[in-house]
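Notes follow once the structure below has been shown.
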Amino acid sequence: MSDFLSNFTSDKYKKDAEEHKLVTPDTEVTETDIENSSVASVDSDTLEDVTSDLSEVDISDAVSDEMLEDAITSDFSHEASEGEKNEENFTDVSEDELDNETDVSDDDLESFLMELAASSSEDDMVVKDQSFAKKQKIKRGIIAGSSLLAVIAIAWFYYGQAHVKLPDFTGKSVSTAQTWADEHKVKLEVKRVYDFDKEANIIIEESDKNRTISKKKAVNLTASLGANPKEKIELPDFSKMPVAEAREFIKKNKLENTSVQLDYSETVAKDTYLKQTFANQAVTPETFKHEDNLTLYYSKGKEPVVQNIEVPDFSSQTKEQINTWSKEKGVKVAFEYAGSESLEADKVISQSVAKGQKVSKADTITIKLSLGKPMTVPDFSRFTFDESSGAAKNLPVISKQVYSDTVPYGGFISQSIPAGTQYFAKDTIPDITAVYSLGRVYIKDLKRQIEGDLQGTFYNDYTSKGANISYRVQYVNSPETKGTVVGQSSLNEFVPLSCTVFIQISNGHEK
């Protein structure tokens, strides 16, 4: 308002008065000229104020160009009509004053202009107040529209956060659907059914696919479990099938637990059936089901002989390490054992194929392993009976003497373990018995022994020493004490290894 009032300074009105003095009474001032002057004045000042005020308001896309144009035109029309009234008053006064300009003093003119300025200022404030009310109304419309748009945006944002469009998972894996559900915080409810035509964990049905759903709503999926494992399968005679047909049968019937293994064979042609084995021995071709494990063996033909496997130095390796190498390379290894005076048990003594040479999988390498230092059974014939017990170190030896009709006394008869036999620390070593001769059986005088002692005498002196000597008792009248030996059929003489001696026992009667 201060900018508008600044246009009405005393200098401006003095200039206007001078311009009016230039108009003579003979000059005719028409209403059209006055209106044009008034409109021009209102146009420049009012449009400047309206434009300045509107530039301070951030009118968004919600306010159209037509609304702005109506607001400016309304303010302009109002300013023009008020200006015309003021201008008419000014014109009437000016014409009367001009007719008597010679009678008007400078003080009166200044007073008149000041009154005119005050009157014009009050009218301009009225116009300004009406323009401000119009702009306030526009602002309230803009604020209301913006608030409505904000509410709509918030509602749309919330809807977007609480809802999601469900893709079509049919034909895809359950893991794919679960990944999507985890990302969008949606719960899945998966129903699983057996379906021979669909692989396991493939989705076959889906509710609400390609629709926008609330995230609080569970998504129902039906997934395949694959073929029913309890379903029985009629197996063909694989022995009449080549390997290609066997594999086609496995694929067609989706036998996931049935496999084909190819092995070399020196006698069966390539791709020809060898055998079949069930993991569960109770399963038969007639009771076979999807879930059972079956291995079919087919021939790869003869193994090609290619000597391309280099033999290492086994001298520092253990038996376990050699077996591991054999399995990895597919080369057969045979073990032999021998005693060694210098090598500990299980150390390699020699190998049939030298280090660095090459062999094929058809070859066999012989490895000789040490059994440690041997314990050799001696030849006891080189020892006497008294020497025999200490002839074999670390070996259990039992020396004994027996009667012999052929070997003289003290002579070597036999040993239970042949001479030269070797034993090692890992072995269970039996007792070694060395037998020496007592010569021929000699029957000594048994007189004055009592009948009860004869059993021990014959066993200890003869039977236990290899002689098959038995006795028979004859009771005779004798003055000797009853039960006393008074006679014998063989007395102080040699007898065969097998014989019977008659012993006479006193009955205690003289005659």
Side-chain angles (χ1 to χ4, degrees), residues 242-244 246-247 259-277 279 295-383 390-397 415-432:
V243 66
R247 284 175 171 152
S259 61
V260 174
Q261 181 173 321
L262 301 178
D263 290 338
Y264 288 111
S265 175
E266 296 297 321
T267 57
V268 180
K270 183 179 179 181
D271 296 337
T272 304
Y273 173 86
L274 293 174
K275 64 179 181 178
Q276 66 183 31
T277 58
T295 302
L296 301 174
Y297 294 86
Y298 279 81
S299 172
K300 290 198 296 185
K302 292 183 178 181
E303 183 176 8
V305 179
V306 180
Q307 292 183 328
N308 57 356
I309 303 172
E310 185 173 343
V311 177
D313 182 5
F314 294 113
S315 61
S316 61
Q317 297 187 20
T318 64
K319 182 178 180 180
E320 290 74 17
Q321 291 173 328
I322 297 172
N323 280 328
T324 300
W325 179 88
S326 173
K327 291 179 180 178
E328 291 177 352
K329 301 298 182 179
V331 178
K332 296 178 182 178
V333 174
F335 292 98
E336 293 180 352
Y337 298 90
S340 174
E341 295 291 338
S342 58
L343 294 176
E344 298 177 1
D346 296 327
K347 296 293 184 180
V348 175
I349 297 174
S350 64
Q351 58 189 76
S352 61
V353 180
K355 170 188 175 183
Q357 292 186 5
K358 292 186 177 181
V359 296
S360 70
K361 292 183 178 181
D363 296 328
T364 299
I365 301 175
T366 301
I367 305 294
K368 183 178 287 188
L369 296 178
S370 171
L371 290 171
K373 189 173 183 179
M375 294 174 284
T376 305
V377 176
D379 182 0
F380 287 97
S381 64
R382 300 169 57 187
F383 300 93
K393 295 180 180 180
N394 302 320
L395 292 174
V397 176
Q415 61 187 73
S416 59
I417 305 298
T421 301
Q422 293 183 334
Y423 290 98
F424 302 91
K426 68 180 184 65
D427 295 333
T428 300
I429 304 174
D431 292 334
I432 301 172

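All figures in this text were calculated on a predicted structure; none of them were measured in a lab.
At least one donor-acceptor pair under 3.5 Å links the side chain of Gln351 to the backbone N or O of Pro312. Between the side chain of Ser370 and the backbone N or O of Gly339 there is no donor-acceptor pair closer than 3.5 Å. Ser299 contributes a side-chain N or O that, together with a main-chain N or O of Ala269, makes up a donor-acceptor pair within less than 3.5 Å. Under the 3.5 Å distance criterion, the side-chain polar atoms of Glu328 are left unmatched by any main-chain donor or acceptor of Trp325. Listed for the Asp427 side chain is a donor-acceptor partner under 3.5 Å among the backbone atoms of Phe424. The backbone N or O of Lys373 sits nowhere less than 3.5 Å from a side-chain atom of Glu341 that would complete a donor-acceptor pair.
For the side-chain contact (heavy atoms from CB on, under 4.5 Å) with Val331, the qualifying choice from Val353, Val359, Thr364 is Val359, the only one to do so.
Contact annotation: the side chain of Glu336 approaches that of Thr366 to within less than 4.5 Å [non-hydrogen atoms, C-beta and beyond]. Between Leu274 and Ser265 there is a side-chain heavy-atom pair separated by less than 4.5 Å. Taking 4.5 Å as the limit, every side-chain heavy atom of Phe314 sits out of range of all side-chain heavy atoms of Leu369. Counting heavy atoms from C-beta on, the side chains of Asp346 and Thr318 never come closer than 4.5 Å. Looking only at side-chain heavy atoms (C-beta outward), Tyr298 and Leu296 come within less than 4.5 Å of each other. The closest side-chain heavy-atom distance from Thr277 to Tyr297 is below 4.5 Å. Counting heavy atoms from C-beta outward, Pro396 and Ile429 have side chains that approach closer than 4.5 Å. Annotation: side chain of Tyr423 is in contact with side chain of Pro430 (closest heavy-atom distance under 4.5 Å).
Here the NZ-OH distance, from Lys270 to Tyr264, works out to 9.0 Å after rounding to the nearest 0.5 Å. From Ile365, atom CD1 reaches atom CD of Gln357 across 9.5 Å, with rounding to the nearest 0.5 Å. Atoms NZ and NZ, from Lys361 and Lys332 in turn, are 12.5 Å apart once rounded to the nearest 0.5 Å. For the atom pair Asn308 CG and Ser360 OG, the distance stands at 8.0 Å (nearest 0.5 Å). Lys347 NZ to Ser342 OG: the interatomic distance, rounded to the nearest 0.5 Å, is 12.0 Å.
Taking a 6.0 Å sphere around NZ of Lys300, one finds it holds more than 12 heavy atoms contributed by other residues, nucleotides or ligands. With a 6.0 Å radius and a threshold of 12 heavy atoms from other residues, nucleotides or ligands, Gln307 has its CD atom above the threshold.
Between Ile349 and Ser340, the shortest heavy-atom contact is CD1-CB, 4.3 Å.
Both cation-pi conditions hold for Lys319 and Phe335: the charged atom is under 6.0 angstrom from the six-membered ring centre and inside a 45 degree cone around its axis.
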